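Below you'll find the structure, written out as structure tokens, and then a few comments.
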Amino acid sequence: MIKLNIGGKKFCTTKETLLSSQSTFFVGLLGGKFGNYVDEKGYYFIDRDGELFAPILGFMRTGELIIPDSMPMERIIKEIDYYGIESLLSFVNQRTTDTPNMGETYFISRIKSTLTKNSDGTSCKIDRVLVKANILILYFSNNTIDIWIYKGITFHWIKLLSFSSPLESDLKGMICSISKHSINNQTYKIILSIYSNNTVVSYKIYLDYMHLRTNQFEEIIKKLEHNIDFIHFFLNTFYLACISKDGFITIFDVSNFESKALNISNNQKITQIGQDIDHSLFFGTDRGIVYGVKQSPQRGWGWIIEEIYKLNDPEFFLSSFGYSSSSGGNGGGGSSSPSMASKFENILQLNNFNDGQGDQEYITFITGCSVKGTTPKLLMAIGTHDGHIHFAHKSLSGNDKFQFAAKFCVGINDPITKIILTEGVLVTGQTEKGVVKTYQYLLKNKLSGPATQCVSARHSHHFTNCTKSIYYSDILLFKIYTDLHFASQDYQALLGNIKSTVEGKSDKVGGRKKLQYNQMSVMVDTNNTLFLFPNSQKSLKADDMSPIYNYQAPIAKINLIDLTPVTNIVCVTFGGCEPNLNDQSYQLLTIHESLEIYCWDLKEIDKRFV
């Protein structure tokens, strides 16, 4: 038995434990090289901080280093160095001083969950994560729902409320919408909907933002006559659509949850609904047709379903967006000169289109965004089962259908699982096998037509910067820091009220168009190192396209503190509330199997975009 008195704090351990870590200090101490430091009670006295030694001794005993939140890492490192534990020192330095020093520079805070077990004794897990403004919603496997709010005045997340869901089967999905005061940007209402099988449960939660409490909590349970595979808020959250793959649609008026039933004909299967399109309800089918649901004034504002786009159909090829049919059958290649052809990748070739039988027209993902300008447009990107993305557009005014603009290849017979679309135009697609490609669509002028180029390409299984295998990958979209609510006021004069439009007629900084959003890829390897890659730049050249290799190296690398597997990664971009703006939240959150969530400073990542 070895007894230690370190700065007045006493420990009892064994000689084998102290020597197991090959500590040069304890090898010398127990070997008598430092003389006899034993007092009358048999304690070795060491004039160091005993509180800091406790986690080091824990590492010697178990091989696991557990550091309390209140204990600064810098002081721990000094103690490890003093005791000469090289193996532990190299491990800690690798995780905290690697380039860039993410653990020290970017780490903000940690959210700890009190849940550990389900009712059957199995380990609890986080099934779903939603983020809106500075609101974080977690759905756990034991049907518990936690709602957190970020308060910048205390610089951490505060649990607003926790309640149980009445769902009797596993959760299939959830969506959320929030309402904010137009004067001070404070959240005052949350509408949350969850669903499973044929049941949808909605919550109306009214907040007292100043006192961090709820003024009103209402739960609405609806059982439908059909299964629910998708749900979507649209028309400014006035309506909630519940959709089955068999073509049945139930639309609820959110104010009173009265419903209206619809269905599509021709025995088509609904395979995906439009993501991130708040004002409209679009859905795609296994026959490559995209339908829109809208109210018809001619039918007493009743709901109607109309075909708005069909893949590979010549009816939708004519386009005022910049598409022109040039010689040789090239529709999107711009100039026919050899130098221009070598500079820009020509993706659209009409002879590649066919009848699209089978999986080719099976729609797997739909997303969209609106762009401002002299002619405001709604853009739509459609992913298919064969690994292609179809890019189309329509005017925001009028009832015209979508028109074809370009077609991008991400994978070969590799289904598209996610798409990010931003003005610029930048389209990023991710496939089932881990391929990620970003294409830029640029209208140089209306005479030569548009130019398209792949500006980023990578594969999670063939990542040359990583010696470990990748087990988590995703593509993320986040707002640029200077375009947040508070920054738009503070930096308006500096930025000159810059707006980005797809026509390229926007204001510019240094000859470059200013974008409002950044796109990035995230990958986590088995060593729990998070790599972040740029899929876009803050500023794109107005007259040229950047080489693809500029996007291939990671802009940041985070050695994650929690060594349990990552289950989800999300971005939080909220500008704050008037008048003090303290509630600004600009963070990257990593969610782990341990049920802990780590918050990283997204501003530092945003700065690394070119």
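The shown structure was predicted, so the numbers you read here are calculated from the model rather than taken from an experiment. Residue numbers run from 1 in the order of the sequence given.
- Asn197 and Thr199 share no side-chain donor-acceptor pair at under 3.5 Å.
- The main-chain N or O of Ile137 is never found under 3.5 Å from a side-chain atom of Arg128 such that the two would form a donor-acceptor pair.
- Here the shortest heavy-atom pairing between Tyr471 and Pro565 reads OH-CA, 3.3 Å.
- Under the 3.5 Å distance criterion, the side-chain polar atoms of Thr567 are matched with a main-chain donor or acceptor of Ile591.
- The backbone N or O of Gln430 lies less than 3.5 Å from a partner atom in the side chain of Thr417, making a donor-acceptor pair.
- Taking the charged nitrogens against the carboxylate oxygens, Glu593 and Lys125 have no contact shorter than 4.0 Å, which rules out a salt bridge.
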Q: Determine, stepwise, if the pair Phe233 / Tyr239 fulfils ring-ring contact (aromatic ring centres under 6.0 Å, His included).
A: CA-CA 6 Å; Phe233 286 122; Tyr239 297 97; over 10 Å; no

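- Between the side chain of Ser196 and the backbone N or O of Asp170, at least one donor-acceptor pair lies under 3.5 Å.
- The aromatic ring centres of Tyr472 and Phe531 sit 6.0 Å or more apart.
- Counting only distance, with no hydrogens or angles, the side chain of Ser585 and the backbone of Thr573 share no donor-acceptor pair below 3.5 Å.
- To the nearest 0.5 angstrom, Tyr439 atom OH is 10.5 Å from Ser456 atom OG.
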Q.
Applying ring-ring contact (aromatic ring centres under 6.0 Å, His included) to Trp600 and Tyr586, what does each step give before you reach the verdict?
A. CA-CA 9 Å; Trp600 309 89; Tyr586 200 70; over 10 Å; no

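- A donor atom on one side chain and an acceptor atom on the other are found under 3.5 Å apart for Asn535 and Ser521.
- Here the straight-line distance linking atom CD1 of Ile475 with atom NZ of Lys437 works out to 13.5 Å at 0.5 Å rounding.
- Side-chain atoms of Asn518 never come within 3.5 Å of backbone atoms of Phe478 as a donor-acceptor pair (strictly under, hydrogens ignored).
- Asp246 and Lys269 get closest at one heavy-atom pair: OD1-NZ, 2.7 Å.
- Counting only distance, with no hydrogens or angles, the side chain of Asp525 and the backbone of Asn527 share a donor-acceptor pair below 3.5 Å.
- Centroid-to-centroid, the aromatic rings of Tyr598 and His592 come within less than 6.0 Å.
- Every residue two or more places apart in sequence or in another chain that forms a side-chain contact (heavy atoms from CB on, under 4.5 Å) with Val131 is listed here: Leu136, Val570, Val572.
- Taking both residues in full, the closest heavy atoms of Thr431 and Gly411 are given as CG2-N, 4.1 Å, listed atom of the first, atom of the second, then distance.
- Rounding to the nearest 0.5 angstrom, the gap separating the OH atom in Tyr441 from the CG atom in Leu426 is 13.5 Å.
- Here Ile243 contributes atom CD1 and Asp229 contributes atom CG; the two are 9.5 Å apart, rounded to the nearest 0.5 Å.
- Taking OG1 from Thr438 and CD1 from Ile420, the interatomic distance works out to 8.0 Å, rounded to the nearest 0.5 Å.
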Q.
Checking Phe282 against Phe402 for the ring-ring contact (aromatic ring centres under 6.0 Å, His included) test, could you report, in this order, the C-alpha distance in whole Å, the side-chain angles of both residues, the deciding distance, and whether it holds?
A. CA-CA 12 Å; Phe282 301 139; Phe402 277 88; 5.7 Å; yes

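- Expressed to the nearest 0.5 Å, how far SG of Cys176 lies from CG of Leu192 amounts to 5.5 Å.
- The aromatic rings of Phe283 and Tyr291 sit parallel, their planes meeting at an angle under 30°, below the 60° perpendicular limit.
- The closest side-chain donor-acceptor pair between Gln440 and Thr452, if any, does not fall under 3.5 angstrom.
- Residues Tyr309 and Met380 approach most closely at CB-CE, 4.2 Å, considering heavy atoms.
- Under a 3.5 Å cut-off, the side chain of Asn134 and the backbone N or O of Phe574 do not form any donor-acceptor pair.
- At distances below 3.5 Å, at least one donor-acceptor pair connects side-chain atoms of Thr364 with backbone N or O atoms of Ile416.
- Here the side chain of Asp127 pairs no donor or acceptor atom with the backbone of Tyr139 at under 3.5 angstrom.
- Of all non-hydrogen atoms in Met520 and Cys571, the two that sit nearest each other are CE-SG, 4.0 Å.
- The aromatic rings of Phe404 and His390 lie perpendicular to each other, with more than 60° between the two planes, well past the 30° mark.
- Counting heavy atoms from C-beta outward, Asp474 and Ile569 have side chains that stay 4.5 Å or more apart.
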